Amino acid sequence: MSSIKQFQVTFDCAEPERLARFWCEVLGYVVPPPPEGFATWDDFNRSQAPEDQGSWFACIDPSGVGPRLYFQRVPEGKVAKNRLHLDVRVGTGLVGEERLAALEAECARLVPLGAVRVRLLYDGNDSCIVMQDIEGNEFCLD
């Protein structure tokens, strides 16, 4: 049995491009080139049936290391806590006040982008800030 080498993370959402661009800002990801045969994403969308326009979007790690993020429009809204979430690793290797300061700085950067701070988990040594993205999906600054 061979091992899987790549995976993507898929988000169900209301506004795929808007949410993808938010996560590009959070993670330093970029929008990939439009599908082959199209000069721009707008050109691609105009080629689709009206009901399919803007139905999905993606972003990629420019270094090629991280997974592709795929955003697909779904009709239903978010109704419960995520069973899976992303941990944005900004405090790796840091402890105590130094770690907390790094997390707080990243939180301060993300809130103007539309992220919502939910709560701080801090025991004097280890810390994590629980947040929500622009569609209410939970993630952590870790």
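Index from 1, following the sequence. Here the structure is a predicted model, which means the values were calculated and not measured.
Atom CD of Glu51 has more than 12 heavy atoms from other residues, nucleotides or ligands within 6.0 Å. More than 12 heavy-atom neighbours from other residues, nucleotides or ligands sit within 6.0 angstrom of CD on Glu76.
Placement of Met131 and Leu84 in two distinct hydrophobic clusters is found when ILVMFWY residues are connected by side-chain heavy-atom separations under 4.5 Å, directly or transitively. Both Phe22 and Val111 are assigned to one and the same hydrophobic cluster, defined by single-linkage of ILVMFWY side chains at heavy-atom distances under 4.5 Å. Residues Leu69 and Ile60 do not share a hydrophobic cluster, clusters being chains of Ile/Leu/Val/Met/Phe/Trp/Tyr side chains in contact below 4.5 Å. Val74 and Trp23 are not part of a single hydrophobic cluster, where members link through side-chain heavy atoms under 4.5 Å apart. By the rule that hydrophobic residues join a cluster once side-chain heavy atoms approach within less than 4.5 Å of another member, Val116 and Leu27 end up as members of separate clusters.
Side-chain polar atoms of Asn137 and Gln132 form no donor-acceptor pair below 3.5 angstrom. The closest side-chain donor-acceptor pair between Asp61 and Ser63 falls under 3.5 angstrom.
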Worked verdict on Val31 versus Cys24 for side chain to side chain contact (heavy atoms under 4.5 Å, CB included): CA-CA 7 Å; Val31 174; Cys24 281; 4.2 Å; yes
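For the pair Asp133 (side chain) and Gly136 (backbone), a donor-acceptor distance under 3.5 Å is present. When atom types are taken as modelled, the side chain of Trp41 and the backbone of Pro32 share a donor-acceptor pair closer than 3.5 angstrom. For Glu135 (side chain) and Ala14 (main-chain N/O), a donor-acceptor pair under 3.5 Å exists by modelled atom type.
The structure places CD of Gln53 at 10.0 Å from CG of Asp42, a figure rounded to the nearest 0.5 Å. The distance from the SG atom of Cys13 to the CD atom of Gln72 is 7.5 Å, given to the nearest 0.5 Å. Atom OG of residue Ser127 and atom CG of residue Leu121 lie 9.0 Å apart, to the nearest 0.5 angstrom. The structure places CZ of Phe139 at 10.5 Å from CG of Asp87, a figure rounded to the nearest 0.5 Å. Between Ser55 atom OG and Arg73 atom CZ the span is 5.0 Å, to the nearest 0.5 Å. Atoms CG and CG, from Leu110 and Leu141 in turn, are 6.0 Å apart once rounded to the nearest 0.5 Å.
Using a cutoff of 4.0 Å between basic side-chain nitrogens and carboxylate oxygens, Arg117 and Glu104 are scored as salt-bridged. With salt bridges taken as basic N to acidic carboxylate O contacts below 4.0 Å, none links Glu25 and Arg21. A salt bridge is defined here as a Lys NZ or Arg NE, NH1 or NH2 lying under 4.0 Å from an Asp or Glu carboxylate O, and Asp142 with Arg99 meets this definition. Salt-bridge check for Glu138 with Lys78: passed, with a basic side-chain N closer than 4.0 Å to an acidic carboxylate O.
Taking the six-membered ring wherever Trp is involved, the centroid distance between the rings of Trp56 and Tyr70 falls below 6.0 Å.
Residues Asp12 and Phe71 form no side-chain contact, since every pair of their non-hydrogen atoms from C-beta on lies 4.5 Å or further apart. You'll find the side chain of His85 reaches within 4.5 Å of the side chain of Cys140, heavy atoms only. Side-chain contact between Leu19 and Ile134: present, with at least one pair of heavy atoms (C-beta onward) separated by less than 4.5 Å. Side-chain contact check for Val90 versus Leu103: some heavy-atom pair is nearer than 4.5 Å.
The minimum heavy-atom distance between Ala20 and Cys59, with the atom names listed, is O-SG, 3.9 Å. Taking each heavy atom of Tyr122 and Glu97 in turn, the nearest pair found is OH-OE2, 2.9 Å.
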